[in-house]
Amino acid sequence: MATSASSKLSKAVKQQYMDLPQGDQVQAMYIWIDGTGEGLRCKTRTLDSEPKTIEDLPEWNFDGSSTYQSEGSNSDMYLIPQAMFRDPFRKDPNKLVLCEVLKYNHKPAETNLRQMCKKIMSMVQNQHPWFGMEQEYTLLGTDGHPFGWPSNGFPGPQGPYYCGVGADKAYGRDVVEAHYRACLYAGVKICGTNAEVMPAQWEFQVGPCEGIDMGDHLWIARFLLHRVCEDFGIVASFDPKPIPGNWNGAGCHTNFSTKEMRVEGVLSPHCTTDIKWSLESIERLAKRHQYHIRAYDPKGGLDNARRLTGHHETSNINEFSAGVANRGASIRIPRSVGQEMKGYFEDRRPSANCDPYAVTEALVRTCLLNEESEEPVKYK
């Protein structure tokens, strides 16, 4: 099993330094999305006192030519703090700071999708859109081989691993438990976790979050996972299809509702397994399928094409479908929703490496702002 060399360093030696008092000063780790739209970067600065609000955090800068975000001849990029969390690695009073990235001219960087998402969310705040995202990921060795898999072969076929218990079924639970507790400490709205269908694949759920908070909390949860895995010397992959063949891919199923949808009696009573659910939002999604496919992975659908094959609990990328309790549909309506006539629906199309700002923005544009064109509307 290939693990990083740094993971073999003595953590007991490190801890004696981490226990040293730091006076009134605070370490603030600034975190941002790099030019790939998937990778996360971070660096730390010292503050003279503990920040209580975002306004207490100074703007900063970094070299964008080293993060695929600018040319070397004009490399300075700006970090604008947007959300603050407790730091589970350095502990209180130290902070994690999620930042937006602005270019030299103070316009959003190409992979800064947060700014537009926040604007779209502000347009529908009276409808109180809630989201819950189910983040699947795969644990790998530093050599890219799935954690716990035989070095020269494959484990037994899928079946016993989903929510499995036992050394022959659950690969990497220590990482999962450490990540869960780190999220709780940080203040991330993590609400659950489970082993997934493919061995060495896991899922955590974040939500419900309202509006822009969904993207903020999921990105920080991803950062924490990468950081926990770093300590263990292994890698967390969000690739939508990390292992080709007869193995499940990895998605980021997104649950969505509005205040109106959460009120009993609003949804249509014609909710059966053999006809299309008549909720207006789903009908709008059906008409705008390709727009959502482009928004649901950072490569405009190319990554998801490897996953959305119509097999392994996925819909076909070229077709839209909806159904009650149907995990092979684009949109799954939970059976409880059909019975209670209220609740939410699950969009199963987003890939594991999606940008949650892009996904939640697309859902609001189509379902609440009633956009119909293949391109997003430009609002003043």
[X] [atom1] to [Y] [atom2] distance, which is reported to the nearest 0.5 Å:
X: Asn318; Y: Thr309; atom1: CG; atom2: OG1; value: 11.0 Å
X: Met121; Y: Gln125; atom1: CE; atom2: CD; value: 11.5 Å
X: Asn353; Y: Ser237; atom1: CG; atom2: OG; value: 8.5 Å
X: Asp303; Y: Glu38; atom1: CG; atom2: CD; value: 6.0 Å
X: Asn304; Y: Cys252; atom1: CG; atom2: SG; value: 10.5 Å
X: Leu40; Y: Arg227; atom1: CG; atom2: CZ; value: 13.5 Å

Verdict with supporting geometry, Tyr162 and Asn248, side-chain hydrogen bond (donor to acceptor under 3.5 Å, both in side chains): CA-CA 11 Å; Tyr162 173 71; Asn248 273 33; over 6 Å; no

Arg41 NZ/CZ over Phe62 ring centroid, <6.0 Å and within 45° of normal: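 No.
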
Shared hydrophobic cluster, Phe89 / Ile220 (ILVMFWY, side-chain heavy atoms < 4.5 Å):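 Yes: a chain of side-chain contacts under 4.5 Å links Phe89 to Ile220.
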
Leu98-Trp60 co-clustered via ILVMFWY side chain contacts under 4.5 Å: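 Cluster IDs for Leu98 and Trp60 differ.
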
Gln158 and Asn246: CA distance, side-chain angles, deciding distance, side-chain hydrogen bond (donor to acceptor under 3.5 Å, both in side chains) verdict: CA-CA 9 Å; Gln158 296 181 157; Asn246 197 29; 5.7 Å; no

Test: [X] and [Y] ion pair at under 4.0 Å:
X: Arg114; Y: Asp216; value: yes
X: Asp297; Y: Lys299; value: no
X: Lys287; Y: Glu283; value: no
X: Lys119; Y: Glu361; value: no
X: Lys11; Y: Asp231; value: no

Identified salt bridge (charged side-chain N to carboxylate O under 4.0 Å, His left out) partner of Arg288 from the options Glu372, Glu375, Glu371: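 The residue from Glu372, Glu375, Glu371 that satisfies salt bridge (charged side-chain N to carboxylate O under 4.0 Å, His left out) with Arg288 turns out to be Glu371.
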
Residue from Arg332, Arg335, Arg327 passing salt bridge (charged side-chain N to carboxylate O under 4.0 Å, His left out) with Glu346: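 By the salt bridge (charged side-chain N to carboxylate O under 4.0 Å, His left out) criterion, Glu346 pairs with just one of Arg332, Arg335, Arg327: Arg332.
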
Verdict with reasoning, Ser330 to His289, per side-chain hydrogen bond (donor to acceptor under 3.5 Å, both in side chains): CA-CA 9 Å; Ser330 308; His289 177 62; 4.8 Å; no

Derivation and outcome, side chain to side chain contact (heavy atoms under 4.5 Å, CB included), residues Phe223 and Cys42: CA-CA 9 Å; Phe223 172 83; Cys42 63; 3.9 Å; yes

Mutual orientation of the aromatic rings belonging to Trp149 and Trp247 [parallel < 30°, tilted 30-60°, perpendicular > 60°]: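 Geometry flag for Trp247 against Trp149: tilted rings.
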
Aromatic ring pairing His179/Phe204, orientation class (parallel under 30°, perpendicular over 60°, tilted between):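 Geometry flag for Phe204 against His179: tilted rings.
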
Validation row, ring centre Phe256 to ring centre Phe131 under 6.0 Å: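 Distance test on ring centres: under 6.0 Å, yes.
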
Steps toward side chain to side chain contact (heavy atoms under 4.5 Å, CB included) verdict (Leu363, Leu285): CA-CA 8 Å; Leu363 284 166; Leu285 290 170; 4.1 Å; yes

side-chain hydrogen bond (donor to acceptor under 3.5 Å, both in side chains) assessment of Asn94 paired with Gln22: CA-CA 10 Å; Asn94 304 298; Gln22 60 187 75; 2.8 Å; yes

